[in-house]
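What you see is a predicted model; the values in this text were computed from it and never measured. Heavy-atom basis, side chains included; hydrogens, waters and symmetry copies ignored. Both ligands and their constituent atoms are indexed starting at 1 by order of listing.
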Amino acid sequence: MEFRLYNTLSRRKEELRPLDGKTVRLYACGPTVYDFAHIGNLRTYLFEDVLRRTMEYFDFRVRHVMNITDVGHLVSDADTGEDKMQKALAREQLPPTVESLRTLADRYTQAFLADLTALNILRPHVLPKATDHVPQMIKLIERMQQNGYAYETPLAVYFDVEKFPSYTALSGQKLKEKSVGARDEVEVDAAKKHPADFALWFKRAGKNAGHVMHWPSPWGDGFPGWHIECSAMSEQHLGFPFDLHCGGEDHIAVHHTNEIAQNEAAYGERTVQLWLHGAFLDLGKAKMAKSSGTFVKLSDVVERGYDPLAYRYLCLNTHYRQKLNFSWEALDGAAQALKRLRRALAELGTPAVGCAEHEEHFAQAIGDDLNTPQALAVLWEMLSDHSLPGHAKRQSVAQFDRVLGLGLGETVAEEIPENILALVARRQEARKKKDWKESDRLRDEAAAAGFRIEDTTDGPRVEQKT
Ligand code: AMP
Ligand code: ZN
């Protein structure tokens, strides 16, 4: 089975072949832990989870690294504004100390991990923290400087984008379109050579004079830029070159463009095979923003009574490279579909062998650039195929759920309470003894409790009456 993925850099689908012939090395940009994740962020982590699960489904070994950014991500990706972590201290009424920054980072790292668990997202194998990798970042910047790609001003060390001719290869933009950094209320370094030059290292000077987290470096006390963090952590935990690098589509034009420039300026060769990007989730026209009340967290979804996996279903039902317009009505639809799916499963018997043809169609769907909407369609088609025994369908569903992660294996017992299952077992006993009167009585007792029992060639089927 061929497994193809869309590479943002080459703009075509390419077959996945691990560089070392054994293990796919995957780096995904992780959260900046200054606040809760919103459901847009979670859509991107869900796409990366489906990617990992699909690779494992196809028997690839995977090493999945996701960074935790706990310093250096400024409010604007164009190096302006305050450090997001530091800004959050005021919101949380914490004093500006290293200790409170660590408290903040721990708090939101735990919240992030809880979101992953609730959504059945497999935990990355390594979750490195930026603050633990500053020496590696300094080394990379030194290499770039030695190779002539970095320059120093009184405020920072910058990457010189004009020295790197393929700088805009990932985004396809023209360099002159990238006149970033001139807006916002904050200081722009007048000594920058090109507006798109980006900071590798911020000195503790100018607007950053009071930056709480700082480390000694060859350029004086300061802190790393956000982009260098991902270059250093991917190099440290996966080694260059590695196979896959993922993130949301907003990372194409700035963050990943800058990572490519840094890696290649330091090492002079391509360091990542495939670049994958998930499309955004938005709320109609509104951007996910705190100020306008459009910042939806997973806890908001749960507070409104939804199963978090209904949100997972909603995301699976749109291809990861298509925009997803979130609405509560759409989430209602996903919740209903997941309920129906669980009901349909409750009717199937115990696992035996699977449905080979449907399994093949499923593999074709996910093998074609993670086509999860098509994979869900295969699942529904299989369930409505009356030529197949229930136990075989159940076996295939268990396989499919290795990728879908909708908890379909665990849901049947939840739907049918213990006392009803006991009643069904007693009825089976009665039927064995040909005690039809008792059997009918037990069926009526189940019906009175809201459950329908039907006898099929696979044994009794129990269903909650709607
Ligand atoms: P951040 O914490 O802002 O660095 O974002 C974490 C991840 O979420 C990154 O991969 C972003 O590209 C992604 N992301 C941010 N906003 C959205 C959104 N509205 N929809 C989908 N992904 C997003
Ligand atoms: Zn990153």
Side-chain angles (χ1 to χ4, degrees), residues 8 26-51 65-78 81 83-85 87-88 104-105 108-109 111-112 115-116 119 121 124 127-130 133 137 140 170-171 198 224-238 242 244-263 271-272 275-290 292 294-298 311 314-315 318-326:
T8 309
L26 163 69
Y27 186 88
C29 287
T32 303
V33 281
Y34 70 110
D35 205 337
F36 293 105
H38 58 59
I39 55 172
N41 303 132
L42 295 171
R43 181 187 185 200
T44 294
Y45 305 133
L46 277 166
F47 133 62
E48 291 156 352
D49 182 58
V50 170
L51 169 66
V65 177
M66 182 183 278
N67 66 291
I68 302 285
T69 295
D70 52 357
V71 70
H73 192 173
L74 304 195
V75 168
S76 154
D77 289 352
D83 187 313
K84 287 187 180 184
M85 292 292 294
K87 192 171 175 199
L104 190 76
Y108 290 110
T109 303
F112 164 69
D115 283 350
L116 296 193
L119 287 169
I121 294 177
L127 287 158
K129 286 198 285 196
H133 295 77
M137 297 173 204
L140 257 180
L170 188 68
S171 68
F198 57 92
W226 172 44
H227 317 297
I228 197 69
E229 297 179 358
C230 282
S231 283
M233 286 185 270
S234 58
E235 181 188 15
Q236 174 75 16
H237 295 281
L238 294 175
F242 62 89
L244 299 180
H245 196 315
C246 307
E249 63 184 352
D250 57 325
H251 286 349
I252 298 172
V254 181
H255 184 48
H256 291 167
T257 285
N258 292 351
E259 275 190 65
I260 293 176
Q262 293 168 156
N263 299 356
T271 53
V272 177
W275 288 88
L276 271 60
H277 293 98
F280 258 37
L281 171 135
D282 50 37
L283 300 114
K285 286 199 186 97
K287 274 216 129 206
M288 199 70 83
K290 285 221 166 114
S292 58
T294 53
F295 185 96
V296 182
K297 305 182 294 295
L298 195 61
Y311 179 64
L314 180 76
C315 291
T318 300
H319 189 264
Y320 76 92
R321 286 193 290 115
Q322 300 283 324
K323 274 231 180 312
L324 173 52
N325 280 325
F326 178 81

Can you check the number of protein N/O/S atoms within less than 2.8 Å of the Zn ion (ligand 2)? 3
Heavy-atom nearest option to atom 20 (N) of ligand 1, drawn from Val296, Leu281, Asp282: Leu281
Give the residue and atom name of whichever protein heavy atom lies nearest to atom 2 (O) of ligand 1, and the separation in Å to one decimal. Thr32 N, 3.4 Å
Is there side-chain contact between Cys246 and Tyr27, with at least one heavy-atom pair below 4.5 Å? no
Ranked by distance from atom 21 (C) of ligand 1, the top protein heavy atom is Gly40 O, 2.9 Å
Taking the side chain as everything from C-beta on, heavy atoms only, tell me whether Ile68 gets closer than 4.5 Å to Pro128. no
Whether His227 and Phe198 hold their rings parallel, tilted or perpendicular, with breakpoints at 30° and 60°: perpendicular
Provide, to 0.1 Å, the distance between atom 22 (N) of ligand 1 and the closest protein heavy atom, together with that atom's residue and name. Thr44 OG1, 2.7 Å
Give a yes/no on ligand 1: does His38 have at least one heavy atom closer than 4.0 angstrom to it? yes
Mind checking side chain to side chain donor-acceptor pair (under 3.5 Å) for His277 and listing every partner two or more places apart, or none if nothing turns up? Thr8, His256
Below 4.0 angstrom, N of the basic side chain to O of the carboxylate: do Glu48 and Arg43 qualify? no
Test item: Ser234 and Phe242 side chains (from C-beta on) under 4.5 Å apart, heavy atoms: yes
Would you call Gly278 a ligand 1 contact, heavy-atom distance under 4.0 Å? no
Pair Tyr34-Tyr108, ring-ring contact (aromatic ring centres under 6.0 Å, His included): steps then yes or no: CA-CA 6 Å; Tyr34 70 110; Tyr108 290 110; 7.8 Å; no
Which residues share a salt bridge (Lys or Arg N to Asp or Glu O under 4.0 Å) with Lys297, sequence neighbours left out: Asp300
Where is the nearest protein heavy atom to atom 11 (C) of ligand 1: which residue, which atom, and how far? Asp250 OD1, 3.5 Å
Side-chain heavy atoms of Phe112 within contact of Phe36, under 4.5 Å: no
Only counting residues at least two apart or in another chain, list the ones meeting salt bridge (Lys or Arg N to Asp or Glu O under 4.0 Å) with Asp49. Arg53, Arg312
Of the protein's non-hydrogen atoms, which lies at the shortest distance from atom 9 (C) of ligand 1, and what is that distance? His251 NE2, 3.4 Å
Pull out every atom of ligand 1 sitting under 4.0 Å from any heavy atom of Pro31, numbered as shown with elements. 2 (O)
Starting from atom 10 (O) of ligand 1, what is the nearest protein heavy atom, named by residue and atom, and what distance separates them? Gly248 N, 3.1 Å
On a heavy-atom basis, I'd like to know which of Tyr45, Tyr320, Phe280, Phe112 is closest to atom 18 (C) of ligand 1. Phe280
Residue pair Ile228 / Gln262, side-chain heavy-atom distance below 4.5 Å: yes
Please list, in number order, the atoms of ligand 1 under 4.0 Å from a heavy atom of Gly247. 10 (O)
For a 4.5 angstrom cut-off between non-hydrogen side-chain atoms, does Cys29 reach Glu259? yes
Minimum distance, heavy atoms only, to atom 5 (O) of ligand 1: which one of Ile68, Val33, Asn41 is it? Asn41
